[in-house]
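One-based numbering, in listed order, for ligands and for the atoms of each. In this chain, residues are counted from 1 in sequence order. Reckoned from all heavy atoms, side chains included, excluding hydrogens, waters and symmetry mates.
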Amino acid sequence: MVTPTDESARSSVAPLPTAVAVIATGVIGRSWLRVFSRAGIPVRAWDPDPARLAQAVAWHADAVAAEETEPGRIADAVARITAAPSLAAALADVDYVQESGPESLEAKRAIYVELARLAPRRAILASSTSALDMTAIAAGLESAERCIVAHPVNPPHVVPVVEVLGGAETSEAVVARTMAWLRAVGQVPVRLNHYVPGFLLNRMQAALVREAVDLVARGVASADDVDAVIRDGLGLRWAFLGPYGTADTNADAGARDYFARYGSSYQALWADLRTDVQFDQALLDRIEAETEPMTRGRTAAERRAWRDRAVTALRALKADLSRPPGAP
Ligand SMILES: NC(=O)c1ccc[n+]([C@@H]2O[C@H](COP(=O)([O-])OP(=O)(O)OC[C@H]3O[C@@H](n4cnc5c(N)ncnc54)[C@H](O)[C@@H]3O)[C@@H](O)[C@H]2O)c1
């Protein structure tokens, strides 16, 4: 339900931030560079390691060249990224900060003290953290109301979902503005009402991966066949419908009907799922032996590039399918 507070927060949202800072430019930070440059926003990038910063700027130029063909568009996108000489320079005059530093509470807390000190008072301070609670990161900060988690999927310039959740002190206006801006730059923000370990994505991934590992550990099927059940089975629907959408289309009278009919079967299976699978040496060796042939001799870089092309093609198909009939 939309409350009047939500509405007033939404109506005051500028269409896009005028400038953003990407703080820490490792695997995730460099990909955020492309998200914002693609949306036409000037980006100030900073990393305490000058080599990582230079690598990220070069990586961004390659990513643009892989996507764009028109030389003017390539030059414009590349020019939107500025490698800042200091954290203070990166933060001057930005409306939004995307922090992607090391995943430890101690490191994040130290970074946030500096972000809160140096960024303009109006700037939202968003963290890419995969697991930490913003209540703990922002504890004791004077401006905790503007601190928020915006957890992407790797790499965010290819996979659009971002999990958004505030800490105990985050204001509703900051949540609304973060959601609106992420949507405006082409991401798909999803809101969590409160913290749970692993957020949504990693909890659901962990539930499935537990079973995938256990099935191989028990010799029920090969790793390739377990993957085939997802890539050529469940995953084909899951790219378009989640578990609830699937339930809705699997029973004539919708999701309620589906769970009323099959709920007890799920409960029996849930009782059979094991939680104690251990990654001991023997299991790791087995996983390596079974997954190595699946790479078909391609390098990790080739496999990742193929993954990104495949996901990009799937997104184009989804966009096409959601266009109204007859629309250009
Ligand atoms: N890799 C993933 O799959 C993934 C997915 C979603 C979210 N995340 C989250 O994104 C964040 C970054 O992960 P990553 O995989 O890009 O890590 P990474 O190791 O590739 O990059 C971390 C960067 O932080 C920089 N750094 C080190 N100390 C710093 C400091 N004090 N202040 C600012 N920067 C500092 C490093 O120089 C490095 O460039 C983490 O919070 C992680 O949980 C990662």
Side-chain angles (χ1 to χ4, degrees), residues 20-36 43-60 62-63 81 83-92 94 96-119 123-138 141 147-165 167 178 182 185 187-190 192 195-206 208-209 300-301 303-305 307-308 311:
V20 306
V22 167
I23 300 306
T25 56
V27 171
I28 292 299
R30 70 188 185 193
S31 176
W32 277 115
L33 297 180
R34 183 60 191 129
V35 170
F36 297 120
V43 185
R44 330 246 193 263
W46 181 80
D47 194 288
D49 178 347
R52 287 307 286 266
L53 182 55
Q55 279 164 12
V57 172
W59 178 94
H60 171 265
D62 288 346
I81 309 295
S86 66
L87 179 60
L91 296 171
V94 299
Y96 182 88
V97 177
Q98 185 73 44
E99 172 277 324
S100 306
E103 182 73 355
S104 88
L105 181 58
E106 201 188 3
K108 296 280 193 219
R109 281 178 59 85
I111 294 170
Y112 264 74
V113 167
E114 291 304 293
L115 297 181
R117 190 171 70 84
L118 296 169
I124 289 176
L125 309 178
S127 175
S128 298
T129 179
S130 304
L132 300 169
D133 185 351
M134 188 44 78
T135 303
I137 295 175
L141 283 188
C147 300
I148 190 162
V149 171
H151 170 234
V153 182
N154 184 19
H157 76 291
V158 175
V159 185
V161 149
V162 183
E163 298 181 294
V164 175
L165 68 153
T178 302
L182 288 171
V185 299
Q187 302 302 99
V188 178
V190 168
L192 274 72
Y195 175 81
V196 282
F199 308 149
L200 303 184
L201 186 140
N202 280 325
R203 284 185 85 83
M204 288 195 276
Q205 179 163 250
L208 184 69
V209 170
R303 301 198 302 275
R304 275 196 209 116
R307 173 201 66 187
D308 291 354
V311 173

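- Taking both residues in full, the closest heavy atoms of G29 and V22 are given as O-CG1, 3.5 Å, listed atom of the first, atom of the second, then distance.
- For ligand 1 and K108, the ligand atoms under 4.0 Å from any heavy atom of the residue are 40 (C), 41 (O).
- Taking only nitrogen or oxygen atoms, main chain and side chain alike, W46 does not reach within less than 3.5 Å of ligand 1.
- The single protein non-hydrogen atom nearest to atom 41 (O) of ligand 1 is E103 OE1, 2.6 Å, given as residue, atom name and distance.
- Here the protein heavy atom with the shortest distance to atom 6 (C) of ligand 1 is P152 O, 3.3 Å.
- Within a 6.0 Å radius of CZ in R304, other residues, nucleotides and ligands contribute 12 heavy atoms or fewer.
- For atom 26 (N) of ligand 1, the nearest protein heavy atom lies closer than 4.0 Å.
- Taking 4.5 Å as the limit, some side-chain heavy atom of T178 sits within range of a side-chain heavy atom of Y96.
- Given atom 11 (C) of ligand 1, the protein heavy atom at minimum distance is G101 O, 3.3 Å.
- Between Y195 and F199, the two ring planes are perpendicular [angle over 60°; tilted spans 30° to 60°].
- Contact atoms of ligand 1 toward D49: 37 (O) (distance under 4.0 Å to a heavy atom of the residue).
- The single protein non-hydrogen atom nearest to atom 28 (N) of ligand 1 is P102 CG, 3.5 Å, given as residue, atom name and distance.
- At a heavy-atom distance under 4.0 Å, only side-chain atoms of H151, from C-beta outward, approach ligand 1.
- Not one N or O of V153 is nearer than 3.5 Å to an N or O of ligand 1, by distance alone.
- Residue, atom and distance of the protein heavy atom nearest to atom 22 (C) of ligand 1 are S100 O, 3.8 Å.
- Contacts of D47 with ligand 1, taken as heavy-atom pairs under 4.0 Å, involve the side chain alone.
- Contact annotation for P48 and ligand 1: only side-chain heavy atoms (C-beta onward) come within less than 4.0 Å of the ligand.
- Taken to the nearest 0.5 Å, the CD atom of E99 stands 10.5 Å off from the SG atom of C147.
- Side-chain contact between L87 and L115: present, with at least one pair of heavy atoms (C-beta onward) separated by less than 4.5 Å.
- Contact annotation: the side chain of V27 never approaches that of P155 to less than 4.5 Å [non-hydrogen atoms, C-beta and beyond].
- Inter-residue side-chain proximity for N154 and V159 is flagged as unmet; no heavy-atom pair is nearer than 4.5 Å.
- Between E163 and L192, some side-chain heavy-atom pair lies under the 4.5 Å cut-off.
- In terms of polar-atom proximity, defined here as any N/O pair under 3.5 Å, R52 does make such a contact with ligand 1.
- Protein heavy atom nearest atom 21 (O) of ligand 1, with residue, atom name and distance: G26 CA, 3.4 Å.
- Counting heavy atoms closer than 4.0 Å to ligand 1, residue I111 contributes side-chain atoms (C-beta onward) but none from N, CA, C or O.
- Summarising the geometry, atom OG1 belonging to T25 is positioned 8.0 Å from atom CG belonging to D49; distances are rounded to the nearest 0.5 Å.
- In this structure, E114 and I23 have side chains that are not in contact, with every pair of non-hydrogen atoms separated by 4.5 Å or more.
- Counting protein heavy atoms only, atom 24 (O) of ligand 1 is closest to A24 CB, 3.5 Å.
- Between T129 and E103 there is a side-chain heavy-atom pair separated by less than 4.5 Å.
- Ligand 1 has no atom lying under 4.0 Å from any heavy atom of R30.
- At the top of the distance list for atom 16 (O) of ligand 1, counting protein heavy atoms only, stands I28 N, 2.9 Å.
- When only interatomic distances are considered, the shortest N/O to N/O separation between I23 and ligand 1 does not fall below 3.5 Å.
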